[in-house]
Enquirer: 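The structure is given below, and queries will be raised subsequently.
Chain letters run A, B, ... following the sequence lines, proteins first, then strands; residues in each count from 1.
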Number of protein chains: 2
Amino acid sequence: MSLIARSPKNLGHAIREARKAAGLSQGELAARSGLWQETISKVENGHAGTKLETVFELLAALDLELVARARSKGSASDFEDLF
Amino acid sequence: MSLIARSPKNLGHAIREARKAAGLSQGELAARSGLWQETISKVENGHAGTKLETVFELLAALDLELVARARSKGSASDFEDLF
DNA sequence: ACATTTTATGATCTATGGATCATAATATGA
DNA sequence: TCATATTATGATCCATAGATCATAAAATGT
């Protein structure tokens with residue numbers, strides 16, 4: 001599974017999906033990432049002000065990485081928070 | 001060109017490469033993204049505290065998107081800031 | 001080497017992130 | 001339905017991001 005992100009909301013959604021796929025609760029992910037459950041809640045809900053550092057800590061705990069690439073045409077459903 | 005990022009530094013590097021590939025100076029990118037040249041300098045240099053919002057504004061101005069995916073094995077040279 | 005970009009640094013100010021605790025709202029499962 | 005687990009919200013505090021201006025340092029071109 002790989003999810004496209006063009007906004008904090010997309011990325012938060014991707015993180016939530018990955019966390020669920022790993023069978024973890026926000027609390028468990030908090031424990032393994034060194035962050036707080038409350039913070040993870042905000043990130044997953046697409047808080048725009050989240051720090052990059054925080055996002056990468058979460059990605060590392062979920063064994064994910066990001067790839068920056070030219071935008072694809074992409075189907076509308078891939079970017080549900082655009083509308 | 002698509003660049004793997006596991007840290008703010010990787011991502012900053014990717015943004016710098018994309019900007020150069022587009023033939024833009026930080027000042028020009030600042031103008032088209034609504035940010036400041038100084039801010040872009042910090043982001044490209046991997047400032048960990050950068051806000052997600054800021055990163056996505058830059059990515060949008062460069063017509064880039066992110067993909068979150070499971071970590072690949074990856075050759076060491078892809079993550080030069082790890083050492 | 002020199003003039004001209006371009007990029008980095010530094011200071012100030014205001015806004016806000018995340019740690020932290022408490023708790024409310026939801027979801028889940030028996 | 002009810003008890004329990006999970007997620008969201010809200011407040012406080014401290015640190016720091018980004019806007020903004022000024023300027024230093026570095027890179028580029030001829």
Enquirer: So how far off straight is the helix from dA1(C)-dT30(D) to dA30(C)-dT1(D), going by the axes through five pairs at either end, to 10°?
Expert: 80°
Enquirer: Are any protein N/O atoms closer than 3.5 Å to N/O atoms in nucleotides 11-15 of chain D? If there are, list each pair with its distance.
Expert:
none

Enquirer: Apply the test salt bridge (charged side-chain N to carboxylate O under 4.0 Å, His left out) to residues Arg6(B) and Glu65(A): give CA-CA distance (whole Å), side-chain angles for both, the deciding distance (0.1 Å), then the verdict.
Expert: CA-CA 5 Å; Arg6(B) 295 187 181 176; Glu65(A) 66 189 7; 2.7 Å; yes
Enquirer: Can you list, in residue-number order, the parts of residues 22-41 of chain B that come under 4.0 Å of DNA chain D, counting heavy atoms only?
Expert: Leu35(B), Trp36(B), Glu38(B), Thr39(B)
Enquirer: Looking at Arg71(A) and Asp63(B), would you say the former's side chain and the latter's main chain have a donor-acceptor pair under 3.5 Å?
Expert: no
Enquirer: I need the Leu3(B) CG to Arg16(B) CZ distance, nearest 0.5 Å.
Expert: 13.0 Å
Enquirer: Can you name the closest pair of heavy atoms from Ala5(A) and Leu11(A) and give their distance?
Expert: CB-N, 3.8 Å
Enquirer: Output the rounded distance in Å from CD (Glu17(B)) to C1' (dT7(C)).
Expert: 15 Å
Enquirer: Tell me the interatomic distance from Asn45(B), atom CG, to dG18(D), atom P, rounded to whole angstroms.
Expert: 13 Å
Enquirer: Given dT6(C), is OP1 or OP2 found less than 4.0 Å from the side-chain N or O atoms of Arg19(B)?
Expert: no
Enquirer: Report the C-alpha distance between Ile15(B) and Val43(B) in whole Å, list the side-chain angles of each, state the deciding distance to 0.1 Å, and finish with yes or no for side chain to side chain contact (heavy atoms under 4.5 Å, CB included).
Expert: CA-CA 8 Å; Ile15(B) 287 173; Val43(B) 174; 4.1 Å; yes
Enquirer: How many angstroms lie between atom CG of Leu59(A) and atom CZ of Arg69(B), to the nearest 0.5 angstrom?
Expert: 12.5 Å
Enquirer: Counting only heavy atoms and a strict 4.0 angstrom limit, can you tell me which residues of residues 50-57 of chain A come near DNA chain D?
Expert: none
Enquirer: Can you list every pair that meets side chain to side chain donor-acceptor pair (under 3.5 Å) and has a residue in residues 32-43 of chain B, with sequence neighbours left out?
Expert: Gln26(B)-Gln37(B)
Enquirer: Going by atom type alone, with no hydrogens or angles, which donor-acceptor pairs under 3.5 Å involve a side-chain atom of residues 49-58 of chain A and a protein atom two or more places apart or on another chain?
Expert:
{"residue": "Thr50(A)", "atom": "OG1", "partner": "His47(A)", "partner atom": "O", "Å": "2.9"}

Enquirer: Let's see if you can work this out: which of dG17(C), dT7(C), dA17(D) has an atom nearest to the side-chain heavy atoms of Lys42(B)?
Expert: dA17(D)
Enquirer: Separation of Glu44(B) atom CD from dT6(C) atom C1', in whole Å?
Expert: 11 Å
Enquirer: Check whether Glu17(A) reaches the backbone of Ala14(A) with its side chain - one donor and one acceptor, N or O, closer than 3.5 Å.
Expert: no
Enquirer: Roughly how many Å is it from CZ in Arg16(B) to P in dT6(C), rounded to a whole number?
Expert: 14 Å
Enquirer: Would you please test Ile4(A) and Leu66(B) for side chain to side chain contact (heavy atoms under 4.5 Å, CB included) and show each step?
Expert: CA-CA 6 Å; Ile4(A) 296 173; Leu66(B) 296 180; over 6 Å; no
Enquirer: With side chains defined as the heavy atoms from C-beta onward, is the minimum distance between Glu28(A) and Arg19(A) less than 4.5 Å?
Expert: no
